[in-house]
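Here it is, the structure in full.
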Amino acid sequence: MHNPLREKRLLDIAGAENIEQLREIRVREQNRLTMELSESSTHEVVESLNELHDALITQTLKFAENELARLGLGAPPVLYAYMLYGSGGRYEQTMYSDQDSGLVYADPSNELDKGRCQNYFPLLAETVVQYLIALEYPPCEGNVISSNPEWCLSFQGWVNKIENWFAEPSWENVRYLLIVADGRAVFGNMELAGKLQDHFYNDLLNHPIIARRMMENTLKHKMLVGVFGQLLTERYGENAGSLDIKYGAYIPMVNAFRLLATQAGIRETSTLQRIQALRLKNLLTEEEADEAYEAFSFFLKMRLLTTIMNDGKLSPEQLTKELIDLLKKALKAGKKIQRKVQRELQHRFGGR
Amino acid sequence: MVKKSLVSLGALLVLFPTIAFAEDPSAGQLNMGLNALWVMLAAILVILMQGGFILLEAGSTRMKNAGHVAGKTIFTLGLASIVYWAVGYGITFGGDASESLNKFIGLGSFFFNPEIASIDNGAPSSIFFIFQLAFAAVSLSIAWGGFAERAKLSAYLIFTLFFVSVIYPVVAHWIWGGGFLAADGAQDFAGSTVVHLTGAIAALAATILLKPRIGKFNKDGSANEILGHNQVFTALSVLILWVGWFGFNAGSTIAIGDGFFGFVAFNTQLGAAAGAVAAMLISWLVNGKADITAMLNGALAGLVAITASCAFVDPWAAVVIGLVAGVLVFFSAKFFEKMKIDDPIYALSVHGAAGVWGTLANGLFATEELSAKVGVGRAGLFEGGGWEQLWVQFESVVIAGAFAFIASFIVLWVVKKAIGFRVTEEQEIVGLDLSEHGNYGYPEQMKKAGTSV
């Protein structure tokens with residue numbers, strides 16, 4: 001599809017010479033997309049927005065590589081991939097998402113390379129993270145970020161790490177596995193990232209119990225709709241009367257479909273693609289898939305709207321009669337999926 | 001040697017009490033003694049309910065006010081006892097007023113001087129006084145819910161004087177002391193209206209005049225949650241109140257008689273139980289989370305509601321009354337918050353809304369048989385008695401409520417104009433422990449918190 005705006009945007013980014021120029025492009029393009037939100041489909045806006053983020057991050061990585069070369073460290077000693085996790089990994093970033101990232105580099109073949117890698121990649125990661133902060137991508141609060149040595153490893157280092165997580169599925173380790181399940185390479189050697197994914201899915205098959213632990217880790221966030229079909233809004237505080245779209249609608253659905261998809265060996269990371277893939281594998285009925293797709297698209301849109309103003313929450317003023325009806329319908333669809341996941345896993349492993 | 005012989009003499013006295021008491025008691029004396037013992041035990045239980053109020057109020061408020069909140073309950077219990085002895089008891093039960101005046105107020109028995117023992121095997125008036133005083137003190141402690149965390153200590157003092165001498169005794173006289181509502185057949189066995197509604201209405205007047213605590217409501221009208229500092233205290237308080245309530249309700253039979261007090265206790269237990277269960281479930285269904293505070297309020301609401309009806313209804317009705325009270329208290333708390341009325345201890349909902357419901361419930365569920373047994377009023381609407389009893393109940397709620405509100409409002413309004421009702425903003429922020437008493441209830445914690453500010 002020919003889209004002149006899109007091509008101009010990508011060209012502008014590729015032609016930018018420094019972070020400041022990238023930042024200007026980001027502000028300009030996000031403003032444009034905010035305008036579009038009211039007229040285009042959510043799907044298109046989310047796609048354009050994530051393409052914008054990917055392009056900006058890619059260009060930033062190029063800047064960082066150049067900077068390291070300028071400092072006399074040369075080119076990257078081995079192949080590597082820069083990974084995105086969280087909403088970035090799922091192609092679901094908003095205008096204000098933070099950095100959830102990691103880095104994997106090919107196993108060095110000798111000691112000399114090993115030393116160079118240990119020198120080069122931490123510095124590269126640190127540089128990228130700093131540049132992205134300058135680009136107004138705040139660092140991840142949970143420290144899932146490439147500048148954290150734990151998230152910047154050689155291929156074998158990653159394989160060992162993931163295997164350890166599987167071997168010892170504590171709450172914390174299962175959280176990491178859930179994060180890795182949404183990971184994808186944004187820049188660099190895609191094959192490397194793909195091989196890492198092979199390992200992850202192999203391990204997943206060999207540890208069936210992990211599915212249950214993953215479910216338990218994600219149960220705490222519930223769809224905010226009550227038994228009587230009422231919205232469960234915040235009761236107290238500055239946000240009283242508002243609805244937490246992020247944790248009460250978006251995240252529970254992300255969790256449910258991640259679980260269903262990873263169990264089915266589906267490697268898509270975007271939730272909408274996961275729904276489609278589950279439908280193709282007949283793991284969702286057409287009705288379920290349509291309902292879920294529609295509901296999740298709606299939540300993505302709400303999330304985009306709310307992150308612009310209010311930290312993922314719909315304020316009481318925004319909750320009009322029409323919107324409440326739509327929300328109730330979508331939340332009920334989400335709740336149905338959440339129950340389906342729980343039922344299936346319950347069925348598979350028995351009660352606790 | 002002397003010690004040994006004293007011990008053996010004591011043992012002999014225990015084995016052969018006739019050595020000490022020359023004469024066997026008569027049946028009438030035994031009957032009086034048992035009744036007196038039961039009422040005394042009930043009075044002790046009701047006075048122990050003050051321990052429940054101390055923990056309820058302290059647990060539901062913040063650490064910086066804990067010493068004040070707890071201590072002032074003991075102080076006002078002391079003051080209330082003296083005021084009730086001097087004036088209050090006479091207003092409720094004094095028999096010197098003319099017949100027309102007695103419809104509205106009793107006179108006599110001021111500075112009450114009871115006989116030193118039972119006369120003709122009647123109930124000792126000393127014990128009756130203590131029992132009635134305990135009820136007045138409970139009503140007063142309920143009113144403090146509306147004062148919590150922001151009223152001056154002097155306001156507590158002045159309000160105690162008026163509430164225990166006039167406001168509570170007048171309502172009690174109307175329903176229990178032979179006043180006009182008693183003559184109409186108003187059924188309020190142990191005081192859903194007299195004790196609970198009167199206290200709650202005083203709390204309402206106070207909280208309206210005081211206005212909400214700093215930080216309770218935002219500029220846009222939304223509410224903040226000011227959590228109490230110790231939920232374990234609050235839960236324990238409910239248990240103490242629950243146990244004390246057996247004195248409150250079953251003790252209100254004032255006699256052992258044919259064992260009717262057991263039936264009253266039985267209904268009391270069912271009402272409280274149903275209230276706790278209903279409130280937990282409704283909070284779960286409506287908010288998506290099973291709220292402990294709501295559940296505790298539900299248990300208390302069940303108790304408050306069954307207080308009026310415990311001697312008049314069948315057990316199934318006690319369960320229904322408790323269930324409705326549990327649901328009612330949950331929505332009532334939401335309602336008052338929406339009206340921007342700050343009710344830190346939920347006194348308005350627990351004692352007010354549930355008190356009204358419990359009183360009206362008699363008009364619905366009172367049975368012919370039990371009304372005849374107690375000797376007050378008649379059967380309710382669902383028991384074939386028609387609308388009459390319900391109307392009488394409604395009348396007693398409205399009249400008692402209106403009087404309590406107007407009288408409390410006037411007293412507190414005058415306090416507000418004359419000496420000020422509320423502490424200063426600064427005092428409220430540092431806490432009443434420091435501002436009213438000079439020391440923290442939790443010195444270590446509060447001083448630590450103070451240094452970090």
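Every chain is numbered from 1, with letters handed out A, B, ... down the list of sequences.
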Report summary line: From the list A:G241, A:P316, A:G237, A:A240, the residue making the most non-hydrogen contacts under 4.5 Å with chain B is A:G237

Query raised in the report: Do other residues, nucleotides or ligands put more than 12 heavy atoms under 6.0 Å from A:E141 CD?
Result: no

Query raised in the report: Between NZ of A:K222 and NZ of B:K289, what distance do you get to the nearest 0.5 Å?
Result: 6.0 Å

Query raised in the report: For chain A, which residues from residues 320-346 of chain B lie under 4.5 Å away (heavy-atom distances)?
Result: B:K334, B:E337

Requested in this report: Could you check which of B:D220, B:N287, B:N218 has the highest count of heavy-atom pairs closer than 4.5 Å to chain A?
Outcome: B:N287

Query raised in the report: Looking at A:F228 and B:V286, what are the two nearest heavy atoms and their distance?
Result: CE1-CG2, 4.1 Å

**Report entry** A:E172 atom CD, over 12 foreign heavy atoms within 6.0 Å
**Finding:** yes

Query - Heavy atoms from other residues, nucleotides or ligands near NZ of A:K329 exceed 12 (cutoff 6.0 Å) - result: no

**Report entry** Within 6.0 angstrom of A:Q276 CD, more than 12 heavy atoms from elsewhere
**Finding:** yes

Requested in this report: To the nearest 0.5 angstrom, please state how far the CD atom of A:Q230 sits from the CG atom of B:L285.
Outcome: 8.0 Å

Report task. Tell me, yes or no, whether the heavy-atom count around A:K246 atom NZ, taken from other residues, nucleotides or ligands under 6.0 Å, exceeds 12. Result -> no

